[in-house]
Amino acid sequence: MVVHSQSAALDHCSLIKTCKPTTSVFKGIPVVDLRDPEAKNLIVKACEEYGFFKLVNHGVPMEFFTRLEAEALKFFNLPQSDKDKAGPPDPFGYGFKKIGSNGDVGWVEYLLLNTNPQITSLKSLTVFRETPEIFRSSAVNDYIQAVKRMTFEVVELLADGLKIEPRDALSRLLRDEKSDSCFRLNHYPPCPELQALGGRNLIGFGEHTDPQIISVLRSNNTSGLQICLRDKTWVSVPPDQTSFFINVGDALQVMTNGRLRSVRHRVLAESMRSRVSMIYFGGPPLSEKIAPLASLMAKGEESLYEEFTWWEYKTSAYKSRLGDYRLGLFEKKTGGAAGQ
């Protein structure tokens with residue numbers, strides 16, 4: 001995804017959406033120290049207020065970050081013909097610009113890999129087979145295993161803070177050998193021709209919520225990530241390459257009956273620096289029924305959502321456009337809906 005001329009770049013960008021520039025850098029991002037005795041309460045508060053927080057003192061070695069990022073950049077810097085051998089995504093594998101199959105595009109190229117050792121994607125194998133000396137699977141596996149362990153701890157602390165019983169009600173879904181979790185490496189190349197867009201920002205990855213239970217993001221020190229606050233204001237999240245950013249997903253919103261809300265977010269392209277992000281999406285088994293947890297429901301409280309399986313929701317989500325309010329199809333029409 002290398003563009004050498006301004007006219008070619010603008011042609012390349014012609015189908016990609018732009019947005020008005022956002023100058024507001026949000027300095028109020030909740031920060032949670034995983035070793036803080038109050039971590040369980042801080043996590044709940046952050047998820048209730050923002051559906052998002054920064055996690056520090058997380059225990060994942062920095063070496064895992066730097067090694068995976070270096071290997072990812074080696075892959076993304078390969079000739080386009082070599083990268084295309086790992087695509088098109090099915091949904092796993094390599095893709096660029098095209099996000100999903102419903103017309104969404106962005107200034108991004110990516111690798112989507114399955115994290116479940118019981119289900120090996122042919123496209124994932126292709127990535128490692130075609131470029132074994134460049135993109136070593138151990139760099140991916142070491143990172144994913146460390147992040148998984150950390151994520152299990154985070155959701156168990158969340159369960160403690162919410163007084164969910166049993167404590168592993170959430171983590172067991174991620175630990176399950178049939179867990180439908182995945183891992184994504186995104187590369188947003190620099191776009192020097194942004195100035196020709198009349199001061200508007202180019203969308204790298206359009207606004208959306210994540211459908212899974214939880215998302216765990218780490219990026220390099222290039223900015224671009226934005227979240228939408230409850231008042232519909234978009235704010236920029238200061239990058240921090242040593243920390244993780246945790247997102248509440250749609251499934252967790254349902255499981256808490258709307259007490260926690262999935263966060264709408266997007267990524268904007270940078271003019272001079274590339275952004276590399278790595279995201280673990282923690283999902284339940286496909287057959288799991290997604291419904292409010294009984295231990296969170298007050299006496300007489302009704303579910304805001306129809307009951308559905310993760311497979312049903314995932315199937316519906318991937319038929320939608322990126323920015324659609326996907327949970328709307330599953331809200332009960334009476335008794336009060338959660339709304340967007």
Side-chain angles (χ1 to χ4, degrees), residues 15-17 51 84 86-116 118-127 144 151 173-174 176 178-188 203-217 225 227-228 247-255 261-267 277-291 305-331 338 340:
L15 297 178
I16 300 176
K17 291 182 178 180
D84 286 341
D90 62 357
F92 301 109
Y94 171 76
F96 74 101
K97 285 179 47 177
K98 186 178 179 181
I99 302 170
S101 58
N102 301 304
D104 291 298
V105 293
W107 189 256
V108 63
E109 58 181 340
Y110 64 88
L111 276 170
L112 185 63
L113 306 173
N114 197 318
T115 66
N116 189 336
Q118 307 299 320
I119 307 171
T120 303
S121 163
L122 292 177
K123 291 295 174 61
S124 298
L125 289 175
T126 299
V127 173
I144 289 175
T151 305
L173 302 177
L174 308 184
D176 195 295
K178 295 182 180 179
S179 167
D180 184 42
S181 298
C182 58
F183 179 65
R184 187 177 183 115
L185 285 162
N186 287 336
H187 178 230
Y188 303 92
I203 298 294
F205 207 108
E207 65 174 271
H208 63 287
T209 59
D210 296 330
Q212 291 86 356
I213 293 173
I214 193 169
S215 308
V216 181
L217 176 144
L225 176 64
I227 63 170
C228 187
N247 293 359
V248 169
D250 294 343
L252 186 55
Q253 176 171 324
V254 174
M255 296 172 79
R261 304 293 298 277
S262 55
V263 62
R264 188 163 286 265
H265 54 287
R266 66 186 182 188
V267 176
S277 61
M278 42 197 78
I279 312 102
Y280 165 69
F281 298 96
L286 290 172
S287 61
E288 185 71 23
K289 290 184 178 180
I290 307 299
Y305 306 92
E306 304 288 350
E307 189 175 276
F308 53 89
T309 64
W310 169 240
W311 181 86
E312 289 171 330
Y313 186 64
K314 179 181 176 180
T315 301
S316 173
Y318 284 99
K319 287 180 180 177
S320 67
R321 295 296 298 267
L322 194 60
D324 289 348
Y325 179 52
R326 299 158 173 164
L327 279 176
L329 295 175
F330 296 86
E331 290 175 347
Q340 191 177 353

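In this structure, the side chain of Arg184 does not engage the main chain of Ser277 through any donor-acceptor pair within 3.5 Å. Side-chain atoms of Ser316 do not come within 3.5 Å of backbone N or O of Glu312 as any donor-acceptor pair. The backbone N or O of Gly283 lies less than 3.5 Å from a partner atom in the side chain of Ser181, making a donor-acceptor pair. Looking at Glu288, its side chain never comes within 3.5 Å of a backbone N or O of Pro285 through a donor-acceptor pair. In this structure, Asp176 contributes its side chain and Lys178 its backbone to a donor-acceptor pair below 3.5 Å. A donor-acceptor contact shorter than 3.5 Å links the side chain of Gln253 to the backbone of Ser262. Side chain of Asn102 to backbone of Tyr318: a donor-acceptor contact under 3.5 angstrom is found.
Separation of atoms CG (Asn247) and CG (Leu225) is listed at 7.5 Å; rounding is to 0.5 Å. Here the OG1-CH2 distance, from Thr315 to Trp310, works out to 9.5 Å after rounding to the nearest 0.5 Å.
A pairwise comparison of heavy atoms in Pro89 and Tyr110 identifies CG-OH, 3.2 Å as the closest pair. Taking both residues in full, the closest heavy atoms of Ala291 and Glu307 are given as CB-OE1, 4.0 Å, listed atom of the first, atom of the second, then distance. Taking all atoms of both residues into account, the shortest heavy-atom contact from Arg326 to Ser320 is NE-OG, 3.3 Å. Phe281 approaches Ile279 most closely through the heavy-atom pair CZ-CG2, 3.4 Å. When all heavy atoms of Cys182 and Leu112 are compared, the closest pair comes out as SG-CD1, 4.0 Å. The two residues Gly282 and Leu174 come nearest to each other via the heavy atoms C-CD2, 3.5 Å.
Relative orientation of the Phe308 and Phe330 rings is tilted, given thresholds of 30° and 60° on the angle between their planes.
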**Asked** Please walk me through it: do Met255 and Leu173 pass side-chain contact (heavy atoms from CB on, under 4.5 Å)?
**Response** CA-CA 12 Å; Met255 296 172 79; Leu173 302 177; 3.6 Å; yes

**Request:** Decide side-chain contact (heavy atoms from CB on, under 4.5 Å) for Leu322 and Phe205; before the verdict, give the C-alpha distance in whole Å, the side-chain angles of both, and the deciding distance to 0.1 Å.
**Result:** CA-CA 9 Å; Leu322 194 60; Phe205 207 108; 3.8 Å; yes

**Request:** Before giving the answer on side-chain contact (heavy atoms from CB on, under 4.5 Å), spell out for His187 and Phe96 the whole-Å C-alpha distance, their side-chain angles and the decisive distance to 0.1 Å.
**Result:** CA-CA 9 Å; His187 178 230; Phe96 74 101; over 6 Å; no

**Message:** Ile214 vs Thr151, test: side-chain contact (heavy atoms from CB on, under 4.5 Å). Steps then yes/no.
**Reply:** CA-CA 8 Å; Ile214 193 169; Thr151 305; 3.8 Å; yes

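For the pair Ile290 and Tyr313, the minimum side-chain heavy-atom distance is 4.5 Å or more. Counting heavy atoms from C-beta on, the side chains of Val267 and Asn186 never come closer than 4.5 Å.
Each of Lys98, Arg321, Lys97, His208 was checked for a side-chain hydrogen bond (donor to acceptor under 3.5 Å, both in side chains) with Asp104, and the lone residue meeting it is Arg321.
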